[in-house]
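In this chain, residues are counted from 1 in sequence order.
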Amino acid sequence: MGEARSETKGRVTISRRGAERLRAGHVWVYRSEVAEARDVQPGALVTVQEEAPFRPKQLSGKSVRLTGPRVLGSALYSTASEIAVRMISSKPVSDLEQLVRERIRAAIAYRGRFVENTNAYRVIFSEADFLPGLIVDRYNDLLSMQIVTQAMDADAMRNVVVSELLEAFNPAAIVERVDPRVRRLEQLAEKESGVIYERTLLAGETPVAPESGGGSTSAGAGRGRPAPHNPLKDGVGTAAHVNTERQVTTEFQMNGVRFVYEAPGGQKTGAFLDQRENYTAAAQYARGEALDVFCYQGGFALHLAHKCSRVTGVDSSRPALEIAEQNALLNAREIEWIEANAFDLLRDYADAGRQYDGVVLDPPAFAKSRQNLQTALRGYKELNLRAPKMLRPGGTLVTCSCSYHVSAADLLETVTAAGVDSHRNLRLLENRGAAKDHPSVLGIPETAYLKCLILLVR
Ligand code: SAH
């Protein structure tokens with residue numbers, strides 16, 4: 001490191017349409033809005049300028065540029081993604097590594113101010129922390145990192161990120177979660193999820209087996225430890241250094257509820273950390289019998305369990321429910337887990353006249369793109385039509401959408417219509433978003449993807 005200082009060589013000229021989005025507070029420029037890209041390497045730091053307007057020159061009939069291009073700032077460039085440009089500063093950046101270090105420290109300091117009652121939270125959230133392409137989650141003493149752009153995948157960037165994380169958290173391990181589809185789209189070398197850093201045990205320390213609990217991390221306990229590798233010296237996360245075999249597990253807690261975390265073998269990440277504050281909000285109103293639909297590893301169900309006499313969780317994924325049951329045991333709660341298609345189950349239960357005091361609906365993102373928005377809205381409508389019918393008067397409905405394409409207004413409108421069709425009156429107790437470790441940036445609507453409405457049913 002050190003000598004590999006970044007310099008801005010490339011220059012990207014963008015259309016007025018792209019420039020207008022940037023002026024409105026966004027940071028992305030799409031490939032179709034790039035008029036010219038000069039000297040650009042994959043993942044390069046580039047200077048972004050706006051195409052100078054052409055004005056007709058009346059006498060000759062030719063168009064001429066009347067003004068020079070306007071410089072809009074510095075960005076990270078992708079030669080492959082549809083999102084060609086991700087702005088990182090409105091000023092020229094001479095030392096990208098230093099800027100990234102400062103932003104990581106700021107992201108960590110932000111969590112220090114605003115995140116409480118948990119040792120699991122999102123430490124860095126890409127554009128929402130002015131670090132496009134980088135996501136880091138903390139699960140107690142483990143960190144999980146995800147890289148989704150060419151720029152962040154560069155070895156120099158990885159070294160900066162890992163060294164800052166080690167300094168701030170001294171984690172037991174860092175795992176990298178890889179989305180193969182994203183790497184293909186960014187034309188990055190294939191790679192598997194795995195452990196990219198493991199702390200060397202100090203003399204006398206022994207690795208703790210997962211069974212022993214107590215919140216300690218176990219990394220492949222009992223299988224002998226590999227020679228520790230020094231990320232700063234050896235480089236981090238290059239294909240040669242990923243250990244895909246090792247299973248790392250830990251235990252984390254949020255709002256006093258305990259959870260197991262398995263990486264990277266788990267079905268997805270360890271948890272939906274963005275719902276953390278919504279769990280507490282939902283629990284506030286909980287009583288009697290509750291049904292958590294799309295429960296995954298039991299996030300809502302476990303939070304409701306200390307207020308309710310009976311909690312049922314429903315999900316179509318058996319592996320998720322197996323972890324949910326482990327979580328229930330860890331918290332000494334008895335929860336009924338049902339493996340089923342939520343749509344079928346809700347129809348059957350509604351037909352059978354089953355009644356609850358609380359229902360949670362937290363489906364996966366139905367609208368993956370704008371094209372299937374209408375189909376997605378029909379899905380939300382169906383769920384939100386059935387649930388109120390299954391609620392006793394005075395019961396609460398917690399209904400969520402994590403589709404960015406479904407706006408807060410779309411969801412409200414759909415739930416309103418569903419309430420009318422189900423002949424129930426719905427009063428809005430809370431209109432919520434993601435927890436504060438997933439901040440949404442005004443001007444970047446993609447950062448405001450999660451909606452959570454809490455309604456009182458009459
Ligand atoms: N509420 C959870 C997160 C839910 S994520 C939490 O707070 O942790 C969405 C879940 O929906 C996933 O676990 C997925 O397995 C499940 N799922 C997707 N389609 C489903 C279906 N048709 N029926 C039941 N579960 C489904």
Side-chain angles (χ1 to χ4, degrees), residues 1 100-101 103-112 115-126 129 131 134-147 152 155 157-178 191-210 212-221 223 225-238 241-254 258-266 268-271 273 276 437:
M1 292 200 320
V100 168
R101 281 186 194 284
R103 298 235 168 128
I104 292 174
R105 288 174 197 171
I108 293 169
Y110 169 96
R111 271 71 186 172
V115 175
E116 46 191 22
N117 296 331
T118 184
N119 60 12
Y121 53 91
R122 180 147 291 183
V123 179
I124 298 169
F125 192 16
S126 203
D129 284 299
L131 288 164
L134 177 66
I135 294 170
V136 177
D137 290 333
R138 174 181 169 196
Y139 293 96
N140 185 13
D141 51 357
L142 285 183
L143 295 176
S144 156
M145 172 170 108
Q146 199 185 1
I147 281 174
M152 285 295 168
D155 282 349
M157 270 306 113
R158 284 171 170 272
N159 283 334
V160 166
V161 172
V162 171
S163 66
E164 285 300 319
L165 294 176
L166 295 185
E167 169 108 28
F169 296 101
N170 185 24
I174 303 178
V175 296
E176 180 171 357
R177 263 184 62 219
V178 173
K191 186 168 189 182
E192 278 182 60
S193 295
V195 176
I196 58 168
Y197 163 82
E198 242 186 289
R199 189 169 63 206
T200 318
L201 292 183
L202 300 174
E205 247 186 313
T206 43
V208 183
S212 65
S216 301
T217 290
S218 157
R223 277 189 275 146
R225 306 180 72 81
H229 106 97
N230 177 346
L232 302 182
K233 196 165 111 265
D234 305 345
V236 193
T238 49
H241 294 115
V242 182
N243 192 336
T244 55
E245 299 294 306
R246 291 176 89 71
Q247 266 287 338
V248 253
T249 51
T250 192
E251 184 194 313
F252 65 89
Q253 67 81 25
M254 54 168 81
R258 297 163 70 184
F259 292 85
V260 297
Y261 174 70
E262 270 177 33
K268 209 179 164 260
T269 42
L273 300 171
R276 190 183 56 254
D437 47 332

Grab the two heavy atoms, one from A271 and one from Y139, that are nearest each other, plus how far apart they are. N-OH, 3.3 Å

Value rounded to 0.5 Å, distance of [atom1] in [X] from [atom2] in [Y]:
X	Y	atom1	atom2	result
F169	I108	CZ	CD1	4.0 Å
I147	M157	CD1	CE	10.0 Å
N140	N119	CG	CG	4.5 Å
Q146	D137	CD	CG	8.5 Å
E262	T250	CD	OG1	11.0 Å

Would you please name every residue forming a side chain to side chain contact (heavy atoms under 4.5 Å, CB included) with A107, sequence neighbours left out?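 Here the qualifying residues are R111, I124, D129.
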
What residues, two or more places apart in sequence or in another chain, satisfy side chain to side chain contact (heavy atoms under 4.5 Å, CB included) together with N117? N255

Who are the salt bridge (Lys or Arg N to Asp or Glu O under 4.0 Å) partners of R276, not counting sequence neighbours? D437

Do [X] and [Y] come within less than 4.5 Å of each other through their side chains, counting heavy atoms only?
X	Y	result
I196	V175	no
V260	T249	no
E192	V178	no
L134	M145	yes
P171	L166	yes

Among residues at least two apart in sequence or on other chains, which ones pass side-chain hydrogen bond (donor to acceptor under 3.5 Å, both in side chains) with E164? R101, R105

According to side-chain hydrogen bond (donor to acceptor under 3.5 Å, both in side chains), who are the partners of R103, at least two apart in sequence or on a separate chain? none

In chain order, what residues pass the ring-ring contact (aromatic ring centres under 6.0 Å, His included) check against Y121, with sequence neighbours excluded? none

Should the ring pair F252 and Y261 be called parallel, tilted or perpendicular, given that the plane angle runs from 0 to 90° and is split at 30 and 60?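 Because their plane-to-plane angle is over 60°, the rings of F252 and Y261 count as perpendicular.
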
Residue pair R177, I135: steps toward the side chain to side chain contact (heavy atoms under 4.5 Å, CB included) verdict: CA-CA 10 Å; R177 263 184 62 219; I135 294 170; 5.9 Å; no

